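Keep in mind it's a predicted model, so treat the numbers as computed, not measured. Protein chains get the first letters and strands the later ones, always in sequence-line order, with residue 1 at the start of each.
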2 protein chains.
Amino acid sequence: MATSLHAHVVEHLGSRIVSGQIPRGSIILAAELEQKLQVSRSVIREAVRVLAQCGLVNSTKRVGIRVLSAEHWNPYDDHVIRWRLASDHKGAQLRSLTELRISVEPMAAELAAEVAPEEMRKELMLISAQMNHYGRQGDLRRFLELDIRFHALVLAASGNEMFANLATPVGAILRGRTELGLMPERPHEEALLWHQSVADAISNSDPAAARRNMESIMRRTHNEISSLWENEPRLFVDPGKTS
Amino acid sequence: MATSLHAHVVEHLGSRIVSGQIPRGSIILAAELEQKLQVSRSVIREAVRVLAQCGLVNSTKRVGIRVLSAEHWNPYDDHVIRWRLASDHKGAQLRSLTELRISVEPMAAELAAEVAPEEMRKELMLISAQMNHYGRQGDLRRFLELDIRFHALVLAASGNEMFANLATPVGAILRGRTELGLMPERPHEEALLWHQSVADAISNSDPAAARRNMESIMRRTHNEISSLWENEPRLFVDPGKTS
DNA sequence: TGACACCAATCTGTGCAGGCATAAAAATAA
DNA sequence: TTATTTTTATGCCTGCACAGATTGGTGTCA
């Protein structure tokens with residue numbers, strides 16, 4: 001996938017910065033990187049430019065490439081999310097994402113019930129039916145993929161592109177929950193019912209019911225995985241950073 | 001501000017792509033840009049790299065730099081948000097952002113009541129008191145700045161960096177509402193009360209009350225500005241884009 | 001004749017090497 | 001302390017070689 005050379009450099013540096021192997025506040029010199037990674041200046045420069053946009057570094061004249069602290073990272077950047085999920089603070093990233101989806105998905109379901117195009121409503125009905133089937137059968141692999149598709153569909157059907165774009169990290173959460181063994185042997189009957197009800201409500205243009213049932217799903221999902229970040233410290237960003 | 005050359009190129013191209021002056025599907029050649037903008041290859045390449053990360057373009061060999069359609073844009077990128085807010089589809093961007101903040105801010109208030117550090121609670125109390133003062137006095141300029149600070153504080157006090165990072169676009173919404181004359185001559189008494197109640201609830205560690213009052217604020221804010229996007233079409237992204 | 005596979009030409013981004021200009025930190029002088 | 005010079009790393013530019021994808025042509029076979 002990351003076939004291009006500069007993408008490798010981005011990956012190399014980004015993952016090391018997020019994991020903490022390169023401590024914040026460090027100053028890297030472009031010339032060092034050139035010979036350490038055996039690539040040319042242009043590659044370094046483009047990679048640094050990308051990392052700067054992620055908020056990981058900040059290159060200034062006469063001083064070099066400064067590694068920034070976590071509060072400067074762009075928490076919506078796909079790279080950053082991926083690197084954080086692969087780091088020791090995976091829990092903190094999962095918490096942030098989960099709180100975000102708990103906030104967003106009920107609203108997405110409500111909107112979807114109002115504005116979703118017909119074909120999406122139909123596919124939602126189909127998916128939820130399949131979820132019932134494979135869920136009761138205990139086929140967790142298939143269920144997981146359907147679950148991911150279900151939530152991606154609801155987010156997209158809201159017609160809000162900011163919601164739709166959360167499909168990838170939400171999928172990551174769902175995968176994480178299964179991989180870490182936090183799923184029951186087979187999905188709870190209630191959960192299946194709620195998914196079905198969300199699909200029904202969207203299909204029948206019943207925003208209130210769609211929201212209500214999605215909220216139920218969110219409550220359960222939160223209870224199932226909140227143990228993952230019990231001891232993760234929270235990050236309080238300076239609110240004056242922007243103004 | 002954008003002092004560096006490549007930043008200018010990013011700005012130039014990005015704004016034109018988002019505004020539609022450069023139609024999606026167009027193919028730009030790096031060599032063209034070099035002489036049209038009178039900058040060197042390295043500048044072009046770094047700019048293109050940044051734009052590619054925004055999802056605006058997609059450069060491939062033998063074909064050139066392809067301008068992508070809106071569904072590929074990264075809706076959380078600060079550049080993209082700014083360019084969209086300056087474009088003809090400002091309404092659509094405001095709608096997406098408003099729906100997002102309506103989803104997020106009540107949860108942020110709830111979390112803040114649980115985890116906010118003491119000094120943030122104190123500042124919230126201070127700000128809401130000043131909002132009362134200048135609001136009743138009809139000083140909309142000062143009120144706006146306080147309002148922006150208030151919501152930025154709540155988002156930051158949630159301890160969720162994804163929430164905190166929404167402070168900038170939320171500020172943009174609030175500014176937009178005032179600039180477009182959608183604010184009443186002086187803030188409604190209810191609104192002042194709700195802000196005060198949110199601050200009180202967070203200060204007293206009462207998550208339910210914090211959420212409830214923030215929800216009230218959100219309902220009103222939605223009613224006040226939803227007229228802005230009455231006729232904006234919604235964008236339904238293909239949910240399979242990710243999987 | 002027409003369909004298909006294969007090969008070569010060509011075009012464009014990618015990567016490399018080295019040079020000069022410039023801004024900001026650090027050292028020096030006033 | 002304040003002003004000036006020196007240092008030094010990034011910003012920017014250019015020429016060159018390479019890689020990969022598209023295109024068109026060529027030849028084979030049906």
Side-chain angles (χ1 to χ4, degrees), chain A residues 1-17 22-69 72-74 78-79, chain B residues 1-17 22-69 72-74 78-79:
Chain A
M1 127 172 143
T3 158
S4 64
L5 202 37
H6 90 270
H8 277 122
V9 176
V10 168
E11 206 60 29
H12 179 92
L13 289 177
S15 57
R16 272 155 211 266
I17 290 173
I22 304 179
R24 16 223 97 159
S26 331
I27 285 184
I28 314 175
L29 268 50
E32 289 177 11
L33 289 177
E34 274 185 57
Q35 63 169 23
K36 183 168 294 181
L37 304 182
Q38 289 294 310
V39 293
S40 73
R41 236 184 301 177
S42 49
V43 172
I44 298 291
R45 287 177 51 89
E46 287 171 37
V48 167
R49 201 61 65 197
V50 170
L51 292 171
Q53 211 188 354
C54 298
L56 297 196
V57 302
N58 179 6
S59 115
T60 64
K61 275 192 168 177
R62 184 53 174 81
V63 42
I65 300 156
R66 175 175 287 113
V67 178
L68 300 178
S69 62
H72 294 95
W73 302 349
N74 177 358
D78 285 341
H79 295 113
Chain B
M1 121 164 141
T3 152
S4 62
L5 250 186
H6 88 270
H8 277 122
V9 176
V10 168
E11 206 61 28
H12 179 92
L13 289 177
S15 56
R16 274 154 209 264
I17 290 173
I22 304 178
R24 17 224 98 161
S26 330
I27 286 184
I28 313 175
L29 269 49
E32 290 178 12
L33 289 177
E34 272 186 57
Q35 62 170 25
K36 184 168 292 182
L37 304 182
Q38 289 295 308
V39 292
S40 71
R41 255 177 305 163
S42 47
V43 172
I44 298 289
R45 292 183 40 164
E46 288 168 37
V48 167
R49 202 61 68 198
V50 170
L51 291 171
Q53 211 187 355
C54 299
L56 297 196
V57 301
N58 179 5
S59 100
T60 66
K61 281 185 177 165
R62 182 55 171 82
V63 42
I65 300 157
R66 174 176 287 114
V67 177
L68 300 179
S69 61
H72 294 96
W73 303 349
N74 178 358
D78 285 340
H79 295 115

Just compare C/dA23, D/dG20, D/dC12 and give me whichever is closest to any side-chain atom of A/Lys61. C/dA23
I want to check one thing: is the phosphate of C/dT14, taken as OP1 and OP2, less than 4.0 Å away from some side-chain N or O of B/Arg45? no
Counting side-chain heavy atoms from C-beta on, which of D/dG20, D/dC13, C/dG15 comes nearest to B/Val43? D/dC13
Counting only heavy atoms not in B/Arg24, do more than 12 sit closer than 6.0 Å to its CZ atom? yes
Should A/Ser59 be listed as having a side-chain N or O under 4.0 Å from OP1 or OP2 of D/dA9? no
Taking CG from A/Leu29 and C1' from D/dT7, how many angstroms apart are they, rounded to a whole number? 14 Å
Between B/Arg62 and A/Ile65, which has a closest nucleotide on DNA chain D that is more 5'? A/Ile65
How many whole angstroms separate atom CD of A/Glu32 from atom P of D/dT8? 15 Å
Whether A/Ser40 contacts C/dC16 is assessed here as follows: a side-chain N or O lying under 4.0 Å from the phosphate OP1 or OP2. Is that the case? yes
Can you tell me how far P of C/dT12 sits from CG of B/Asn58, to the nearest Å? 17 Å
When rounded to whole Å, the CZ to C1' distance for the pair A/Arg66 and D/dT10 reads 13 Å
State, to 0.1 Å, how close A/Ala47 and A/His6 come at their nearest heavy-atom pair, and which atoms those are. CB-O, 3.9 Å
What is the separation between atom CD on A/Glu46 and atom P on C/dG15, rounded to the nearest whole Å? 7 Å
Please name the pair of heavy atoms, one in A/Leu68 and one in A/Val57, separated by the smallest distance, quoted to 0.1 Å. CD1-O, 3.7 Å
What is the distance, to the nearest angstrom, from the CD atom on A/Gln35 to the P atom on C/dA17? 12 Å
Which nucleotide sits closest to the side chain of B/Leu5: C/dG13, C/dG15, D/dC12? D/dC12
Polar side-chain atom of A/Gln38 near backbone of A/Gln35 as donor-acceptor pair, under 3.5 Å: yes
Within this structure, what is the CD-to-P distance between B/Glu34 and C/dG13, rounded to whole angstrom? 9 Å
Could you tell me the separation between the CZ atom of A/Arg49 and the C1' atom of D/dG11, rounded to a whole number of Å? 8 Å
Could you give me the CA-CA distance, side-chain angles and deciding distance for B/His8 and B/His12, then say whether side chain to side chain contact (heavy atoms under 4.5 Å, CB included) is met? CA-CA 6 Å; B/His8 277 122; B/His12 179 92; over 6 Å; no
Checking only heavy atoms, does the side chain of B/Arg41 share a donor-acceptor pair with the base of D/dG15 at less than 3.5 Å? yes
